[in-house]
Structure formats: C-alpha cells, structure tokens
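Comments concern the structure below.
Along the sequence shown, residues are numbered consecutively beginning with 1.
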Amino acid sequence: MAAATFTSKFKKKETLAEGTMGFYFAKPADFQFKAGQYMDLTLVDPPETDAEGNIRSFSIASAPEEEHLLFATRMRDTAFKRFLRTAALDTEVKMEGPMGSFTLHNNSSKPAAFLAGGIGITPFSSIIRHAVKAKLPHRLYLFYSNRRPEDAAFMDVLRQSEKENPNFKFIPSMSEMNKSAQTWNGETGFINKEMLARHLAALQGPIYYVAGPPAMVAAMRQMLIGSSVDEDDIRTEEFAGY
C-alpha cells in the first residue's frame, strides 16, 4: 500500500478522556491501510500558525473496516490543536499516507503483548478493533498504563472488544489513583515485569509492541531486555510532543 496524498473533510469530534479528543475525517472509498499505521495531516490555509507548523503525524485509531479515519490526540494549546478544536463540519485538510510498519505480525501462533502508555494507545485501538471485525486468531494482550481512569481514552471500546473477542485480554493499570474521583479494582502502578508475569503464560514467546512517550518506551524496552526477551521480538513506536 503506497502512500497517497488526498484531501479529506472533517466530520465529527468527541471528547475521549480528560484532555484527549478524537477527530473523525472522511475516508476515500479506495483508501486502504493496515491497522497500526499512521498518516500525516496538513492544515489547509489555517487562520494562524506557530513554530510547530501545520503538519502532524497521527496514528489511525479506527479499524480499516470503519467508514471514517479517527485520530486521537492530547489537546495542548498550539495553533494546530486550536484549529482542530474549532474546526467546522466539512473543513478540508490534506492527508498523506498510510505510513509505518507498527502492524500486527502474521504468525498467529505467536501471541502479541501490547504495552501502551497514554496516547500511545492509538495504534492498538486500530489493531484491536480490526481483530474483532476480522475475527483474527491471534492471542492479544493489552497492558494500558494511565495516571487515572479519567485520563484513559478508549476504555469502553477496549472493554467491549474484550467481550467480543475471546482471544483478547485487556489489562489497564492506573498509577495515580490517589488523584482520581473514581473507584478502581484493576492493576495499579506502572507496567513492569511482575505485572506481565501475572497475565502472560511466559515472558519469552510473545512479540511485544510498545507505544507511548519516549521515556516510557525506553523503560519498557529496558525492562523486556532485562527479562531475557529477544530484541527481535520487541517493536516500538514513540509518541513525542503530544
């Protein structure tokens, strides 16, 4: 699937979590991508710009089977994010893609362990939605780390996917429940070797996919290598500047 450049129209926005919004764009009829890939989105004649510019890369959070392209992002106060937040229906943007190889391996006899930090959930959102729709045989484990449930995007979709896909296990974990107004019965703290061992049959065997802020990705890689996971079985994608 070669990258293509096309114009798309903004269709809908929604709040996904505190400080995180989702933006839906029209998908051209002939556009195809693999779950886990990303797009470059360029604003067309924005009313303002700043030093960060008019182009951003976004993982596609929706499945290839869905009618819209969904992008999710943390809402910082930049010209680009202000444009998205206030965009009118059918506002046009330029897109280029799909790009990237952060996609599920083909060999379904090997489990996949997804380690997501914050907005790093977006490529996994696409892969997990696709796994449900395509009835993939892969065993999937998602470890999803956030400070509080209030900060965690896609919790409902992921819980529903776990009900619909018997091969998918969802393990969310919260690191700052003392700052939350909600109750929480799940895992707490950051993802570590002990947490993985509680839910995986063995630490060696799965292919690991790690996505999140650069410091989180580096820490997870170090933890996995320290747990004797083969480096060839670790795939990473950093989400900087969100």
Side-chain angles (χ1 to χ4, degrees), residues 1-14 16 20-44 54-73 80 84 87 89-114 116 119-142 144 153-154 156-158 160-162 164-165 167-168 170 207-212 235-239 242:
M1 288 174 240
T5 303
F6 56 89
T7 299
S8 175
K9 290 184 176 179
F10 169 70
K11 291 299 178 186
K12 189 176 78 165
K13 61 188 150 200
E14 66 179 344
L16 299 173
T20 300
M21 291 187 72
F23 299 91
Y24 294 81
F25 289 86
K27 185 171 76 171
D30 57 349
F31 179 75
Q32 294 183 321
F33 70 95
K34 286 185 176 177
Q37 290 190 299
Y38 68 91
M39 305 288 291
D40 277 352
L41 195 151
T42 305
L43 305 184
V44 179
N54 297 330
I55 304 176
R56 289 288 187 290
S57 297
F58 291 110
S59 288
I60 304 168
S62 45
E65 294 84 355
E66 294 175 52
E67 65 170 322
H68 291 111
L69 295 172
L70 167 60
F71 304 112
T73 184
F80 193 103
L84 286 180
L89 182 69
D90 289 335
T91 295
E92 291 196 341
V93 298
K94 197 174 87 177
M95 290 191 192
E96 184 178 359
M99 292 174 274
S101 55
F102 197 68
T103 55
L104 187 63
H105 56 275
N106 291 323
N107 180 2
S108 62
S109 69
K110 285 185 84 69
F114 304 139
I119 201 64
I121 192 62
T122 48
F124 302 130
S125 164
S126 180
I127 292 170
I128 287 158
R129 292 170 195 235
H130 171 61
V132 171
K133 293 177 184 297
K135 294 186 164 51
L136 296 184
H138 298 64
R139 280 169 299 148
L140 310 175
Y141 298 83
L142 171 62
Y144 181 22
F154 301 126
D156 292 344
V157 170
L158 296 167
Q160 185 59 34
S161 297
E162 187 178 36
E164 294 177 22
N165 182 355
N167 296 316
F168 171 48
F170 179 38
I207 295 182
Y208 290 88
Y209 298 78
V210 186
R235 303 175 184 183
T236 61
E237 188 143 288
E238 291 185 0
F239 285 69
Y242 285 88

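- Separating the CD1 atom in Ile127 from the CG atom in Leu136 is a distance of 10.0 Å, to the nearest 0.5 Å.
- Annotation: the span from Phe168 atom CZ to Tyr141 atom OH amounts to 11.5 Å, rounded to 0.5 Å.
- No side-chain heavy atom of Asn167 sits less than 4.5 Å from a side-chain heavy atom of His138.
- Atom CZ of Phe25 and atom OG of Ser62 lie 11.5 Å apart (nearest 0.5 Å).
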Original post:
Given the rule in the side-chain contact (heavy atoms from CB on, under 4.5 Å) test, do Phe124 and Leu158 qualify, once you have shown the distances and angles that lead to the verdict?
Top reply: CA-CA 10 Å; Phe124 302 130; Leu158 296 167; over 6 Å; no
Subject >> side-chain contact (heavy atoms from CB on, under 4.5 Å) assessment of Thr122 paired with Phe58 >> reply: CA-CA 9 Å; Thr122 48; Phe58 291 110; over 6 Å; no
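- With sequence neighbours left out, the salt bridge (charged side-chain N to carboxylate O under 4.0 Å, His left out) criterion links Lys11 to Asp90.
- A ring-centre distance under 6.0 Å is not found for Tyr38 and Phe71.
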**OP:** May I have the step-by-step check of side-chain contact (heavy atoms from CB on, under 4.5 Å) for Leu69 and Met95, ending in yes or no?
**Re:** CA-CA 11 Å; Leu69 295 172; Met95 290 191 192; 3.8 Å; yes
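- A donor-acceptor distance shorter than 3.5 angstrom exists from the side chain of Ser8 to the backbone of Ala26, with no hydrogens or angles considered.
- Smallest separation of non-hydrogen atoms from Leu70 and Phe154: CD2-CE2, 4.0 Å.
- Glu96 CD to Thr42 OG1: the interatomic distance, rounded to the nearest 0.5 Å, is 7.5 Å.
- Atom CG of Asn107 is surrounded by more than 12 heavy atoms from other residues, nucleotides or ligands within 6.0 Å.
- Atoms CG and CZ, on Leu84 and Phe23 in that order, are 4.5 Å from each other to the nearest 0.5 Å.
- The two residues Phe31 and Pro98 come nearest to each other via the heavy atoms CE1-CD, 3.6 Å.
- Of all non-hydrogen atoms in Pro123 and Ala211, the two that sit nearest each other are CG-CB, 4.3 Å.
- Side chain of Glu65 to backbone of Lys133: no donor-acceptor contact under 3.5 angstrom is found.
- Rounding to the nearest 0.5 Å gives a distance of 8.5 Å between CG of Leu104 and CZ of Arg235.
- Each of Lys13, Lys9, Glu14, Lys12 was compared with Tyr24 under the side-chain hydrogen bond (donor to acceptor under 3.5 Å, both in side chains) criterion, and only Glu14 meets it.
- A side-chain donor-acceptor contact under 3.5 Å links His105 to the backbone of Lys110.
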**OP:** Report the C-alpha distance between Thr20 and Ile119 in whole Å, list the side-chain angles of each, state the deciding distance to 0.1 Å, and finish with yes or no for side-chain contact (heavy atoms from CB on, under 4.5 Å).
**Re:** CA-CA 8 Å; Thr20 300; Ile119 201 64; 3.8 Å; yes
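- Heavy atoms only, all atoms of each residue included: Ala3 and Met99 are closest at CB-CG, 4.3 Å.
- Scanning both residues, Ala61 and Arg129, for their nearest heavy atoms gives O-NE, 3.2 Å.
- Put simply, the side chain of Ile128 does not reach to within 4.5 Å of the side chain of Val157, judged on heavy atoms.
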**OP:** Please assess Phe102 against Phe114 for the test ring-ring contact (aromatic ring centres under 6.0 Å, His included), listing each intermediate value before the final yes or no.
**Re:** CA-CA 11 Å; Phe102 197 68; Phe114 304 139; 8.1 Å; no
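- In terms of heavy atoms, Gly36 sits closest to Ser126 at N-OG, 3.7 Å.
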